[in-house]
2 protein chains.
Amino acid sequence: MLSERQSMILNAIVDDYIRSAEPVGSRSISKRGDVAFSPATIRNEMADLEELGFLEQPHTSAGRIPSNKGYRYYVDHLAPLKPLKTEDLKLFKQLAAEKLNAVEEVIQHAGTVLASMTNYTSILLGPEMFNTSLRHFRLLPLSETTAVAIIVTSSGEVENKTVTIPEGVSVSEMERMANLLNARLEGVPMHKLKARIYSEIAQEIQRHADHYEGLMKLLDDAFAAGKDQKVFLSGTTNMLIQPEFRDIGKLKTVLDLLEETPTLTRLLSSEQKGIQVRIGSENIHQAFVNCSLITATYSLEGEAFGTIGILGPTRMEYAKVIGTLDLLSRAMSRALTGRHGA
Amino acid sequence: MLSERQSMILNAIVDDYIRSAEPVGSRSISKRGDVAFSPATIRNEMADLEELGFLEQPHTSAGRIPSNKGYRYYVDHLAPLKPLKTEDLKLFKQLAAEKLNAVEEVIQHAGTVLASMTNYTSILLGPEMFNTSLRHFRLLPLSETTAVAIIVTSSGEVENKTVTIPEGVSVSEMERMANLLNARLEGVPMHKLKARIYSEIAQEIQRHADHYEGLMKLLDDAFAAGKDQKVFLSGTTNMLIQPEFRDIGKLKTVLDLLEETPTLTRLLSSEQKGIQVRIGSENIHQAFVNCSLITATYSLEGEAFGTIGILGPTRMEYAKVIGTLDLLSRAMSRALTGRHGA
DNA sequence: TTTAGCACTCGTCAGAATAGAGTGCTAACG
DNA sequence: CGTTAGCACTCTATTCTGACGAGTGCTAAA
């Protein structure tokens, strides 16, 4: 598609622009050393690259900047996978060594590390409950009218929800129901729980308990929760140091979106495993037109999957970020698996 | 301290400045109508007020802006407690009507409402565990080596922490210990738990269990958590619309601080109940010199206390914010108390 | 005591001049 | 024929200027 020389020049331009955030001219490329042609030759090629849509010119007498298409080509064909610095590797080792027990702590911590290593904003999604199963269910009465439902999943996560005890339901009734659930539904995948409750438990309750309606409502409430993936943000203020967000208006649209967790979840989750790069307008959401979002997936016990992502300006250090995400997602999968002993 | 007329003028200046964010001159005050003097007279008084430290002048030929001391006087003596708009009252009623069960949901929701009503940033602290007591403790084994410790408090909050099972400790041993704790420590205030564990439970364990060291470590881990109050932020991006934070540098110092939850907790918590206003440099933290922080306390079941706060520029709508916080803190206390039935 | 009047200060805005970066084109070179 | 040197041209950013206006402080009169 592109000639050898055009590739080299495109690579040089993207590289320079990522560093400087300023339009790059033919002269400065010629001086870099890795493209040994005179400015005039490079100018000709640049005109061609612009015609092909890989470059843009802010105004007539400025240098060129990469277009989204240009970044895309860079990422797909050119970006050299940089080896991480040793100091960064140290951070990873620390992450692994810290032996964090709770899943959320691992994720949270990974997010912080990610943001501080890259100087961009990290967005992590907690594991999807899709592939986890029920380990334990419990109803603790708090008062005459409320109880707390506690759900422990096979991956070790604990969800709890306070529910209202329906009129007339007794503590012993609730206890019997909880025992029934544990006996019958342990090991059942979370996403099938509701169905199983209706198909198996419902009749049982109807047969042996006095308050069918109330008890079913209670279960409905208890298992309604926990569906939404948690979102962990870190380094949102790194957005402020990017020159492209000097304009408060643009900044606000992005930061506002970061506060909308449901939308974020939607934008980040994808069926695809592995690394994914969405550049500028490739992102569906309007607020991200000036941003690139790079995501990777991690797994928990090989069962549940979550997403880790980096949000930055389209002028992003793709090579470094992709490398880091790749390593970190593996490190997380390792840290989150086999924690429960053999 | 200040003459009638000086008060009126100060009031007018603060009022105007809060609205416009521009230095206010003698002429515009004279035209307002509520201070019926000529610009010249007002100028004289303004010079006096500046000498007394209530006003400042950005430069010689500009109008005056209130100093921190000026705001302080305004808040203490002048700020008229505005009645809330009916549309705002509606939001409150909605809050009360929603019948949220979980404590965190109530707090989270209150924060959102607060931010959207005031257009500032809301910072809410979860209830301090200080006055709550233990209701239930439970240890659920997850695997050979890990278990999840679940702590339910008298106020209905559920803390959970994944802990490592020490070498050699058996499931039945853990179960016995949990039962012991429930029997002995139910109703004991959270802040005394550690002490009571050491003074009472420790010997008991030593007498009847095989793995004293291990079990004690387990308890240590389990009760180490839950101490830190949760922080709920909302409307952080409202900071961006304030003209005083047009300067990205200033903005960043504030937003950075908002990400540091431990520091925030420290800054917000105070022994004092009721409304508290900290203006500009009255805040201990350097990042808040251009900000005012107004806080109020709410109570949960009359036992635990939390803080709700609004952070904005020193040029803040004090009257409105104070009124709103006052009402909302009461509304929250109401919503959070008596939820557990009679 | 209050106010009108006036000279003065200072920041802001618009326009002009300048410098500089970078381009596109043409012609020469190997 | 690809490459390069040279040059005119374009456009932006910066600096400077002067005019303007908002607001003050002071003085003197009401």
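Letters go in sequence order (proteins before strands), and every chain restarts at 1.
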(request) For residues 313-322 of chain B, pull every pair meeting side-chain hydrogen bond (donor to acceptor under 3.5 Å, both in side chains), keeping only residues two or more places apart or in separate chains. (result) B/Q242-B/R315, B/E244-B/R315, B/S292-B/Y318
(message) Let's see if you can work this out: which of C/dT3, C/dC10, D/dC11 has an atom nearest to the side-chain heavy atoms of B/T41?
(response) C/dT3
(request) Please check if any side-chain donor atom of B/S281 sits under 3.5 Å from a side-chain acceptor atom of B/N68, or the reverse. (result) yes
Just the atom pairs and distances: protein N or O near nucleotides 19-26 of chain C's N or O, under 3.5 Å.
unit_1, atom_1, unit_2, atom_2, d
C/dG22, O4', A/S61, O, 3.4
C/dT23, OP1, A/S26, N, 3.3
C/dT23, OP2, A/S26, N, 3.3
C/dT23, OP2, A/S26, OG, 2.7
C/dG24, OP1, A/R64, NH2, 3.1
C/dG24, N7, A/R43, NE, 3.0
C/dG24, O6, A/R43, NH2, 3.1

(request) Using the test side-chain hydrogen bond (donor to acceptor under 3.5 Å, both in side chains), find all partners of B/E260 that sit at least two apart in sequence or belong to another chain. (result) B/T263
Sequence neighbours excluded and cut-off under 3.5 Å, please list the side-chain donor-acceptor pairs for residues 246-254 of chain B, or say none.
unit_1, atom_1, unit_2, atom_2, d
B/D247, OD1, B/G249, N, 3.0
B/K252, NZ, B/D256, OD2, 2.9
B/T253, OG1, B/K250, O, 2.6

(message) Nearest whole Å is fine: how far is D/dA5 P from A/F37 CZ?
(response) 13 Å
(message) Output the rounded distance in Å from OH (B/Y17) to P (D/dG23).
(response) 14 Å
(request) With sequence neighbours left out, write down each residue that passes salt bridge (charged side-chain N to carboxylate O under 4.0 Å, His left out) with B/E50, or none if nothing qualifies. (result) B/R64
(request) Take atom CD1 of B/I42 and atom C1' of C/dT3, then tell me their distance rounded to the nearest Å. (result) 11 Å
(request) Whole angstrom is fine here: how far is it from CG in B/D16 over to C1' in D/dG23? (result) 15 Å
(request) Please list, chain by chain and in numerical order, all residues satisfying salt bridge (charged side-chain N to carboxylate O under 4.0 Å, His left out) with A/R27, sequence neighbours excluded. (result) none
